[in-house]
2 protein chains.
Amino acid sequence: MAQNESPVTLEDVAHLAGVSRMTVSRVLNNRGGASDETQKRIRDAAEKLNYRPNAMARSLKSRRSYTIGVIVPDISNPFFPEIFRGAESVAQSHGYTLILSNVVESADREAEIFDKLVAQQVDGIIWCSARMPSDALAPVLATAQSVVLVNREAAPDLARSVVVDYALGARLGVDHLLAIGARRFGVIAGPEWAFGAHARLDGVKEALGAHGIAPNAILFCDPTIEGGNTAAASLLAQGERFDALICYNDLTAVGALMACRNLGIDVPGDVALIGFDDIDLAQLVTPTITSLGVPRYEIGRSAMAMLLKIINREPAEQKLVLQPKLLVRGSTVRSSA
Amino acid sequence: MAQNESPVTLEDVAHLAGVSRMTVSRVLNNRGGASDETQKRIRDAAEKLNYRPNAMARSLKSRRSYTIGVIVPDISNPFFPEIFRGAESVAQSHGYTLILSNVVESADREAEIFDKLVAQQVDGIIWCSARMPSDALAPVLATAQSVVLVNREAAPDLARSVVVDYALGARLGVDHLLAIGARRFGVIAGPEWAFGAHARLDGVKEALGAHGIAPNAILFCDPTIEGGNTAAASLLAQGERFDALICYNDLTAVGALMACRNLGIDVPGDVALIGFDDIDLAQLVTPTITSLGVPRYEIGRSAMAMLLKIINREPAEQKLVLQPKLLVRGSTVRSSA
DNA sequence: ACCGGATGAGTTATCGTTAACGTAATTTGA
DNA sequence: TCAAATTACGTTAACGATAACTCATCCGGT
């Protein structure tokens with residue numbers, strides 16, 4: 001946190017090395033065009049002055065900011081930091097910097113943030129869009145050049161996607177629950193506006209339907225512990241009996257677990273519980289929670305890799321589908337087993 | 001993700017509105033200097049062309065990027081997303097955008113990231129520095145204008161700080177443990193290179209010393225569940241008996257809890273457990289974990305507020321100390337109580 | 001000697017925006 | 001009523017970097 005050093009420019013380096021700006025630019029960008037001796041003089045001068053190129057000026061001229069925007073609904077949700085890390089690992093190795101934006105509040109805010117990133121001249125955006133309705137998505141997407149959506153889709157000319165096959169996950173989960181004898185199902189379905197919520201629900205209905213069963217109850221809720229707790233409490237308080245609760249994610253499953261505990265309902269003895277995402281927490285509560293593991297880090301990596309392809313106008317798949325994996329734990333297995 | 005629209009510039013708007021660029025610039029920045037009628041014409045033109053100012057060009061000229069860098073050791077650690085959110089809430093309301101950088105690996109990488117942020121022309125940096133040694137910190141800080149450190153300090157001319165009074169927290173924790181009868185203490189101290197680890201350790205030693213006691217064992221470890229697990233296992237396997245384990249943070253405390261569970265040691269019956277940070281997880285494990293709550297969101301808010309003061313050359317305190325709060329839970333209280 | 005082509009380096013013109021200054025036209029005040 | 005202040009704009013020149021071009025110089029081959 002130094003005082004007032006005026007920034008060191010290319011000009012300064014050029015002056016000290018006794019050459020023109022262009023020569024310095026060429027050398028420092030390893031584009032040759034100078035004798036070995038001149039190169040050394042320039043590098044020494046840059047070192048001595050502690051020259052740091054001004055990324056803004058560079059971007060302005062080159063029309064590339066080497067900056068990527070990442071929009072997540074809520075970075076406090078353990079689902080997203082992993083995605084960010086995955087994306088960052090790829091970005092870093094290609095010289096890109098990430099701008100993280102958290103949404104939290106409204107759909108309006110989502111569009112607003114997108115707009116701001118575009119104004120910031122990001123080269124691309126990874127958008128884990130949560131609450132914006134599909135029809136509102138298109139006009140926003142049209143304002144940016146390169147966008148990868150996570151767990152959401154759009155017209156091919158507007159954006160590409162990395163999605164998890166939640167329907168498959170739901171089927172795996174349901175089959176597992178059927179196998180352990182469950183017949184009466186409650187679905188704690190997560191936010192009604194979420195793409196993933198409907199994907200899961202469809203999978204659940206389909207898998208149950210194949211056995212001539214339908215969910216006994218479906219309740220939407222916030223994708224949080226609190227939301228799961230409230231939803232489960234309200235479901236269980238109605239007096240109806242359930243063999244299993246299928247939860248939107250592990251957070252809601254933990255919430256449901258707490259609701260059961262409060263009501264004196266044994267998990268998995270009375271009710272089996274299943275979640276999605278396989279966050280750490282799923283293995284830390286008692287009983288541990290059976291979950292459909294989603295490769296979060298991989299989502300981030302893939303999304304960024306896909307985005308870089310788009311930016312560089314290399315061919316890229318329109319959509320990448322990642323498979324969830326069933327991880328059977330205590331919440332669906334009698335402890336004696 | 002549209003095709004190839006060439007960007008709309010001020011020039012275009014000026015042309016459509018039939019005025020000069022400067023007039024457009026003034027109007028769109030609400031600096032007046034145009035009649036109401038001209039203003040309307042300009043705003044209409046901007047709207048019609050869907051004009052978005054180019055933030056890079058603006059920054060280049062104005063020498064303000066309205067961008068802040070945030071460096072965290074590991075965004076997957078639930079401690080940091082909250083700080084980010086706090087910082088973002090303040091930043092947003094002042095028109096700033098945040099660039100999040102994750103460190104994870106080495107101290108070198110920390111300096112490298114700092115450098116990159118400076119090159120990006122960020123207006124300031126919030127640095128949750130973890131592993132960089134103090135003497136290496138100074139030269140790096142000197143390259144930036146405005147820096148706020150979190151849980152770390154530096155010379156007044158280099159950076160200001162927001163810190164948690166971990167020593168106080170440690171004292172509160174120790175007093176509580178003494179009050180419930182603990183006499184033999186193990187300290188799972190976290191990373192040896194961490195500022196906070198030593199602050200806590202000093203507090204523990206001081207508080208115990210006041211009663212003529214010293215910790216029976218001190219073991220440094222990674223600030224993760226895994227680290228806590230390993231450390232606790234090794235401590236407890238030595239045969240020595242402990243009444244209480246004081247853990248670096250809640251993650252290590254959870255790790256310690258798992259180690260106890262594996263060894264058949266009852267918590268809190270045989271050993272009491274205390275952590276720091278009050279992350280959600282602390283209330284989700286069984287037993288719940290007594291913790292020294294740290295106002296994470298508030299750290300982020302304060303750090304950003306302080307940073308904005310520095311940037312705007314308003315007077316700001318050199319150091320802000322936030323107090324932790326003891327939250328007594330199951331890991332230190334016999335369940336019958 | 002002379003020409004063609006590397007090679008090393010400088011010139012010029014932007015990128016999109018704003019600071020600083022300039023200049024008419026209009027309003028104000030005593 | 002007329003100078004002084006204000007309003008409404010326009011001009012010019014950067015901010016720091018790079019693309020694209022130009023221009024010497026040098027070297028070998030014929």
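Side chains included, hydrogens not; waters and symmetry mates left out as well; all remaining heavy atoms used.
Positionally, the nearest nucleotide of DNA chain C for B:Leu60 lies more toward the 5' end than for the other of B:Arg31 and B:Leu60. Each of A:Arg52 and B:Val19 lies near DNA chain D, and the nucleotide nearest B:Val19 is the one positioned closer to the 5' end. Heavy-atom distances to DNA chain C give each of B:Ala55 and A:Gly18 a nearest nucleotide, and the one nearer the 5′ end belongs to A:Gly18.
A donor-acceptor contact closer than 3.5 angstrom is absent between the side chains of A:Thr67 and A:Gln121.
At the phosphate of C:dG16, OP1 or OP2 sits under 4.0 Å from a side-chain N or O atom of A:Arg63. Remark: A:Thr38 is in phosphate contact with C:dA9, judged by side-chain N or O atoms under 4.0 Å from OP1 or OP2. At the phosphate of C:dG10, OP1 or OP2 sits under 4.0 Å from a side-chain N or O atom of A:Ser20. Between D:dT18 and A:Arg58, a contact under 4.0 Å exists linking OP1 or OP2 to a side-chain N or O. Taking only side-chain nitrogens and oxygens, A:Ser62 never comes nearer than 4.0 Å to OP1 or OP2 of D:dT18. Taking 4.0 angstrom as the limit, A:Ser59 places none of its side-chain polar atoms (N or O) nearer than this to OP1 or OP2 of D:dA17. Contact between the side-chain N/O atoms of A:Thr23 and the OP1/OP2 oxygens of C:dG10 is found at a separation under 4.0 Å. Between C:dC15 and B:Asn54, no contact under 4.0 Å exists linking OP1 or OP2 to a side-chain N or O.
A:Arg41 has its CZ atom 13 Å from the P atom of C:dG8, to the nearest Å. For the pair A:Met22 CE and D:dG16 C1', the interatomic distance rounds to 13 Å; values are reported in whole Å. The distance between atom CE of A:Met56 and atom P of C:dT17, rounded to the nearest whole Å, is 14 Å. What separates CD of A:Gln120 from P of C:dG16 is a distance of 16 Å, to the nearest Å. Between the C1' atom of D:dT18 and the CG atom of A:Asn29 lies a distance of 8 Å, rounded to the nearest Å. Taking atom CG of A:Leu49 as the reference point, atom P of D:dG16 lies 14 Å away to the nearest angstrom. Going from atom NZ of B:Lys61 over to atom P of D:dG16 covers 9 Å, rounded to whole Å. Nucleotide D:dG10 holds its P atom 12 Å from the CD atom of B:Glu11, rounded to whole Å.
Taking 4.5 Å as the limit, some side-chain heavy atom of A:Leu149 sits within range of a side-chain heavy atom of A:Leu137. In this structure, B:Gln92 and A:Glu112 have side chains that are not in contact, with every pair of non-hydrogen atoms separated by 4.5 Å or more. For the pair A:Val27 and A:Thr38, the minimum side-chain heavy-atom distance is 4.5 Å or more.
The pair A:Asp36-A:Lys40 does not count as a salt bridge, with every side-chain nitrogen at least 4.0 angstrom from each carboxylate oxygen. Taking the charged nitrogens against the carboxylate oxygens, A:Glu88 and A:Arg85 have no contact shorter than 4.0 Å, which rules out a salt bridge.
Candidate nucleotides C:dT17, C:dA13, D:dC9 were compared by shortest atom distance to the side chain of B:Arg21, and C:dT17 ranks first. When each of D:dG16, C:dT18, D:dC9 is scored by its nearest atom to the side-chain atoms of B:Ser35, the top-ranked nucleotide is D:dC9.
The base of C:dG8 is not paired with the side chain of A:Arg26 by any donor and acceptor separated by under 3.5 Å.
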